[in-house]
Novice: 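Would you mind keeping the following structure in view while I ask a few things?
Counting convention: from 1, in listed order, for ligands and their atoms alike.
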Amino acid sequence: MEERQLDLQTALVRQTQSAITGLPAEATAGIMTSRAAAKAYFSDGTNRAMFRFTLINHLCTDLEALKDTSRVPDRVRQDVSRSPGGDSRIYLNSCVGCHAGMDPLAQSFAYYNYQYSDNIDTGQLQYSANAVQAKYLINANNFIHGFITPDDSWRNYWREGKNASLGWSNALPGTGKGAKSMGEELANSTAFASCQVKKVFENVCLRKPQDAADRSQIDAMTQNFSANGYALKDVFADAVTIAWEIEMYKRLLTTVLLLAAWLVAAGKPSAQLKPRHHRRWIIRRSTTPVRPPAQMTYSSLSWRYGTIFPAKIAVVPVTCRAANHRILPVMMTSIRLMLLLIHW
Ligand code: HEC
């Protein structure tokens, strides 16, 4: 499409997934049942990969972060050994953490497989309505009393426990049949919305969200995103304003810091300055030139603030006072002029 320079607005025609893939309408589940995703995550294995990479790609998290060993392990499949290496503690303290929650969710993919013979590129997504794929029943001898998948019913055990923090929707039951409803379960979580927002933030701001301010912006944008019917376009608009605002705050802060630095630098006794550096002419409103006392130092700020500002001097010849200043003379001059302007 890029090579042919097609206008996407006219070249892209909206179609249903079932019309293109031949999947029954009830078996389509968006990106998860696309050919590319199937080739990547339904090929070989046990279809748990599809679940894991959906978490990574669309909820910005991975199983390691979700491990919860306090969930009921009644739906962990037979292929998961209950005493890996002869040690059942490993099963209870590690394996259960992922498999207790993941297996009953990945059960929603029980009728899918990516079928290919020699060349994976020529394979295709297969959907076996009402027949559990063989890959769900392999290695049954690892633990014969484990869960035997009868159909594609799924249940979200992670609605309770620590993973309740993913923000599941109260409008959904947390259980269902097939990938479509399981996909809805994931897509209606706060974690999904904030993941999309984070991606947009990084896209626009060219960095990851870092501090508390960033995170609260992400939260606000996430709320807008859910409230506005998940229109990603609006998230971009949201991010641009925020990025711009943050930039403005940054500049303001830099200015304040520079001012502070200047004040500190200006407060330094100018013992090392040559006397001629002290000579400066201030024109008052009365136009009478005022000559600072010869002993005046940089620390005579009171003199400057007391005299210059109340008098509203129109012209202040602020030539660079000292080459040994740490701040560039040009910057000094502009800051001083700014100070004057602010005070005007
Ligand atoms: C951090 C989460 C996590 C933990 C902990 C975990 N697993 Fe898994 N397990 C997975 C995922 C994800 C897959 C799917 C991997 C894939 O197909 O890419 C998987 C797949 C498996 C499979 C199927 C492998 C296959 O494709 O044939 C078995 C068996 C298994 N795990 C057993 C265990 C055992 C035993 C333990 C404890 C020692 C354990 N798992 C701990 C996440 C986990």
Novice: Is it true that the side chains of R35 and Q124 contain a donor and an acceptor less than 3.5 Å apart?
Specialist: no
Novice: Can you tell me if Q5 has over 12 outside heavy atoms packed within less than 6.0 Å of its CD?
Specialist: no
Novice: Give me the nearest non-hydrogen protein atom to atom 12 (C) of ligand 1 as residue plus atom name, then the distance to 0.1 Å.
Specialist: L63 CD1, 3.4 Å
Novice: What protein heavy atom is closest to atom 3 (C) of ligand 1, reported as residue, atom name and distance in Å?
Specialist: C98 SG, 2.7 Å
Novice: Of all the heavy atoms in S94, does at least one lie under 4.0 Å from an atom in ligand 1?
Specialist: yes
Novice: Is D214 paired with K208 through a side-chain N to carboxylate O contact shorter than 4.0 Å?
Specialist: no
Novice: May I ask whether M102 places a heavy atom under 4.0 Å from ligand 1?
Specialist: yes
Novice: Shared ILVMFWY cluster between M221 and F192, side chains joined below 4.5 angstrom?
Specialist: no
Novice: Answer yes or no: is there an ion pair linking K177 with E26, defined by an N-O contact shorter than 4.0 Å?
Specialist: no
Novice: Under 3.5 Å, is there a donor on one side chain and an acceptor on the other for T33 and Q17?
Specialist: yes
Novice: Taking the N/O/S atoms of H99 one by one, which is nearest to atom 8 (Fe) of ligand 1?
Specialist: NE2
Novice: Answer yes if the side chains of Y111 and N47 hold a donor-acceptor pair under 3.5 Å, and no otherwise.
Specialist: no
Novice: Which residue is it: N156, T54, L166? I am looking for the one with a side chain to side chain contact (heavy atoms under 4.5 Å, CB included) to L186.
Specialist: T54
Novice: Checking a contact table here: which protein heavy atom is nearest atom 29 (C) of ligand 1, and how many Å away?
Specialist: D79 O, 3.2 Å
Novice: Hey, which atoms in ligand 1 end up nearer than 4.0 Å to a heavy atom of A49?
Specialist: 16 (C), 17 (O), 18 (O)
Novice: Counting non-hydrogen protein atoms only, what is the nearest one to atom 22 (C) of ligand 1? Give residue, atom name and distance.
Specialist: R48 NH1, 3.4 Å
Novice: Distance under 4.0 Å to a non-hydrogen atom of E64: what atoms of ligand 1 satisfy this?
Specialist: 1 (C)
Novice: What atoms of ligand 1 come closer than 4.0 angstrom to any heavy atom of C95?
Specialist: 34 (C), 35 (C), 36 (C), 37 (C), 38 (C), 39 (C), 41 (C)
Novice: With no hydrogens and no angle check, do the side chains of Y157 and D74 hold a donor and an acceptor under 3.5 Å apart?
Specialist: yes
Novice: Can you see whether W154 engages S181 through a side-chain donor-acceptor pair at a distance of less than 3.5 angstrom?
Specialist: yes
Novice: Could any protein non-hydrogen atom be found less than 4.0 Å from atom 10 (C) of ligand 1?
Specialist: yes
Novice: Given the protein's heavy atoms, is any one of them under 4.0 Å from atom 15 (C) of ligand 1?
Specialist: no
Novice: Which residue holds the protein heavy atom closest to atom 27 (O) of ligand 1, what is that atom called, and what is the gap in Å?
Specialist: T46 CG2, 3.9 Å
Novice: In terms of atom number and element, which parts of ligand 1 are under 4.0 angstrom from non-hydrogen atoms of K67?
Specialist: 5 (C)
Novice: What atoms in ligand 1 come closer than 4.0 Å to a heavy atom of R52?
Specialist: 12 (C)
